[in-house]
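Single-structure report; data block below.
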Amino acid sequence: MIKYFMSLLVILLFSFCSIQQKVERQFEGEGREAVLKAFGEPQKIVDLEGGKQLFVYVKETHVRATEISTGDFTLDKRVSPSFVKEETYRFVIDQQGIVTDAQYEKRTK
């Protein structure tokens, strides 16, 4: 019973700390100015039906290849591959300038 409770607690803690939920809590219900202040001008603006707008922000981070430490006696060095981390933020803003939906997505290329 205690293991079940602890497992449930860990799952709940991870779900409460997700970036998606932080973005939702921080921006939903706020004005357009809050998004512009935090992210600047959007890379893409899409006009939606009903006078709504979709603001899209994409942040790319290049992670270079790094050597993995396996000890001094290893003849073959291990190297982690380089990759690009792409974070996409999407905000739907209604005709009054209020954020009605905030989404976060992370991908690696």
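Treat the numbers as computed from the prediction; the structure is a model and nothing was measured. Position 1 is the first residue of the sequence; numbering continues from there. Basis for what follows: all heavy atoms, side chains included, without hydrogens, waters or symmetry-related copies.
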- Query: In terms of hydrophobic clusters joined by side-chain contacts under 4.5 Å, are I45 and F39 together?
  - Reply: yes
- Looking only at heavy atoms, what is the nearest atom pair of S82 and A65, with distance? CB-N, 3.5 Å
- V92 and V23: same hydrophobic cluster, using ILVMFWY side-chain contacts below 4.5 Å? no
- Task: Give, for atom OH of Y89 and atom NZ of K106, the distance between the pair rounded to the nearest 0.5 Å.
- Result: 10.0 Å
- Measure the CD-OG1 distance between E28 and T100 for me, rounded to the nearest 0.5 Å. 7.5 Å
- Query: What pairs with E41 under side-chain contact (heavy atoms from CB on, under 4.5 Å), at least two apart in sequence or on another chain?
  - Reply: L36
- Would you say the side chain of E105 lies within less than 4.5 Å of the side chain of R107, judging by non-hydrogen atoms? yes
Result block: side-chain N/O donor-acceptor pairs under 3.5 angstrom for residues 51-63, not counting sequence neighbours:
unit_1 : atom_1 : unit_2 : atom_2 : d
Q53    : NE2    : D47    : OD1    : 3.4
Y57    : OH     : G40    : O      : 2.7
E60    : OE2    : K109   : NZ     : 3.2

- Task: Answer yes or no: is there a donor N or O on one side and an acceptor on the other, between the side chain of S80 and the main chain of T66, under 3.5 Å?
- Result: yes
- Message: Using only atom types and a distance under 3.5 Å, with no angle test, would you say the side chain of Q95 pairs donor to acceptor with the backbone of G50?
- Response: yes
